[in-house]
Protein chains: 2
Amino acid sequence: MSPMDVPRPALTRDRIVSAAIGLIERRGAEAVSMRAIAAELGVGVMSLYNHVPSKSALLDGVAERILGGVEFEAAPGEHWTDQVRGQCRAFRQIALHYPRSTLVVMTRQLRAPSGLRPVERALATLREAGFAGETAVHVFRAVIAYLTGSLLREVGVTPALAPAPRDPAALEDAVAAGFPHIAALAPVLGRCDHAAEFEFGLELLVRAIEALPRDAAQV
Amino acid sequence: MSPMDVPRPALTRDRIVSAAIGLIERRGAEAVSMRAIAAELGVGVMSLYNHVPSKSALLDGVAERILGGVEFEAAPGEHWTDQVRGQCRAFRQIALHYPRSTLVVMTRQLRAPSGLRPVERALATLREAGFAGETAVHVFRAVIAYLTGSLLREVGVTPALAPAPRDPAALEDAVAAGFPHIAALAPVLGRCDHAAEFEFGLELLVRAIEALPRDAAQV
DNA sequence: GGCTTCGTACGTACGGTGTACGTCCCCCTC
DNA sequence: GAGGGGGACGTACACCGTACGTACGAAGCC
């Protein structure tokens, strides 16, 4: 009959994940509910559970999908420090592309390959740069920590101190409350060029890593 | 009458905040509900709203209380690099003292003085070390990013890659899936001494900051 | 072709959430 | 004692995740 002539595209885990991502980016992570996703797909709520065991697993799928979209391939002859920079910037790019999903992606610990591929690439770069196993992991974890903090700030999960002292009243309050340095730096604290801050800290880290002793320096 | 002879301690914003912190630490942040807090205090749910305008404001209070408990005073003659280290470690101490509240504290942007005091102390240290305003803020933000990422990992909000390859099967999977470096480093990746990792990255950052040009070096 | 089987979509229902609203009662002031 | 104000409380609403039972359409078998 006619309902068969307009078959909706089959309900699928992939379509559900896509709808969830769209919903998060459009209306925020806390607006995501199974009902909202079902409505978006024009489908009953419980039909989702035929393809996804739980909301938590669905969010795992969101993280996996987003993480899988990063481009991690390095230019062949690139210096290892530039490879590190490139991998960090690749991470930043996806975070900016899916800003409101960033916290979701970062808080899910996934064992799936899409989560391990960036780890593999980073460790490869560091070991080829001449860092022994133990040191490579230390460096890796330090960089990850910086990345996590930077990106969570940039997407607004964590405060940036940015729009605070826009008005002079807050500034007066600051100096009156015994915060002279904050008052003095208010114009600088009021702005936050995320790209510049990211590069500043990244350069700081890369230079520090470069100064570390290596077992077998190459290139 | 007799109900007056056993007067419950007056319901108070402070007591509500304390109950919330206790609940978060005992049963996790997602177990916090107005009903659970009220039950903990032996009180009706809606009575809470006489002292707290909303759950969000209550969580602000939690963040404020915890942040206010940090000890930021520096030893007088201390070198500025040791002051930086000390302030970072102070932050880590509260994070470890309230592990399950850490995400709540970090994701709330508060304008209250208790949130600004650590900022003021950090900026004072950096400016006294001879960093001009702009640079001081850049350095401050880089350190904050590292702190955020480190502590969120340590309290378990963000994955640590730690207990993954406990069993040899996962390791075999890793090498089979084309992750040779992960496989090779599995024993190192399997452990994560958070204190050591924290100090490693902190040292990396402090040395890098020390190498930065300063307008007026002192001490 | 007829029958069975199975996967998927769906409606209903339960226990949870934050909180708006109205009521009641105790205590303080006059 | 009378009046008033503030805090404690119960109820109610809209929403959440999801367990459970049902109904229907396609596929396999005789």
Side-chain angles (χ1 to χ4, degrees), chain A residues 1-64 100-101 103-104 107-108, chain B residues 1-64 100-101 103-104 107-108:
Chain A
M1 294 301 176
S2 74
M4 292 178 51
D5 298 344
V6 277
R8 295 174 300 190
L11 193 51
T12 265
R13 185 188 145 102
D14 274 353
R15 289 189 61 225
I16 297 176
V17 169
S18 296
I21 293 179
L23 208 52
I24 295 178
E25 292 303 327
R26 243 179 313 113
R27 297 179 26 203
E30 70 280 4
V32 172
S33 74
M34 298 306 261
R35 284 168 172 82
I37 295 172
E40 182 118 339
L41 294 169
V43 120
V45 186
M46 292 317 288
S47 309
L48 302 176
Y49 285 88
N50 288 322
H51 307 270
V52 158
S54 69
K55 183 183 182 184
S56 174
L58 168 56
L59 293 181
D60 283 344
V62 167
E64 199 170 329
R100 310 180 87 166
S101 307
L103 184 60
V104 173
T107 51
R108 286 245 140 214
Chain B
M1 292 305 172
S2 75
M4 290 177 52
D5 297 345
V6 277
R8 296 173 299 190
L11 192 51
T12 263
R13 183 188 147 103
D14 274 352
R15 289 189 60 225
I16 297 176
V17 169
S18 296
I21 293 179
L23 209 51
I24 295 178
E25 292 304 326
R26 242 177 316 113
R27 298 179 24 205
E30 69 281 2
V32 172
S33 74
M34 299 305 261
R35 285 167 172 82
I37 295 173
E40 182 118 343
L41 293 169
V43 119
V45 186
M46 292 317 289
S47 309
L48 303 176
Y49 285 89
N50 289 321
H51 306 271
V52 158
S54 70
K55 183 183 183 183
S56 173
L58 169 56
L59 293 181
D60 282 343
V62 168
E64 199 171 328
R100 310 179 88 165
S101 308
L103 184 60
V104 173
T107 51
R108 236 122 252 281

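Lettering follows sequence order; numbering is per chain, from 1.
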Hey, which of these two, B:Val45 or A:Met34, hits DNA chain D nearer its 5' end, going by closest nucleotide? B:Val45
Would you kindly give the CZ-to-P distance between B:Arg13 and D:dG7, to the nearest whole Å? 15 Å
From CG of B:Leu58 across to P of C:dT17 the rounded distance in Å is 14 Å
With a 4.5 Å cut-off on side-chain heavy atoms, are B:Thr107 and B:Leu59 touching? no
A:Thr12 side chain to A:Arg15 backbone, donor-acceptor under 3.5 Å: no
Length of the CG-C1' vector between B:Leu11 and D:dA8, whole Å: 9 Å
Between P on D:dA23 and CE on A:Met46, what's the gap in Å once rounded to a whole number? 17 Å
Between C:dC21 atom P and B:Tyr49 atom OH, what is the distance in whole Å? 13 Å
When all nucleic acid strands are considered with a 4.0 Å heavy-atom cut-off, which category describes A:Val52: base, sugar-phosphate, or nothing? nothing
Salt bridge check: are B:Arg26 and B:Glu40 linked by an N-O gap of less than 4.0 Å? yes
On the nucleotide D:dC9, are OP1 or OP2 found under 4.0 Å from the side-chain N or O atoms that B:Ser47 carries? yes
Rounded to the nearest Å, what distance is computed from the CG atom of residue B:Asn50 to the P atom of nucleotide C:dC26? 17 Å
Interatomic distance where CG belongs to A:Leu48 and P belongs to C:dT8 [whole Å]: 13 Å
Taking C-beta and beyond as the side chain, do A:Leu58 and A:Met34 meet within less than 4.5 Å on heavy atoms? yes
In whole angstroms, the gap separating C1' of D:dC15 from NZ of B:Lys55 amounts to 14 Å
Is A:His51 near enough to C:dG7 that one of its side-chain N or O atoms lies under 4.0 angstrom from OP1 or OP2? no
Return yes if the base of C:dG16 and the side-chain atoms of B:Arg35 contain a donor-acceptor N/O pair under 3.5 Å, otherwise no. no
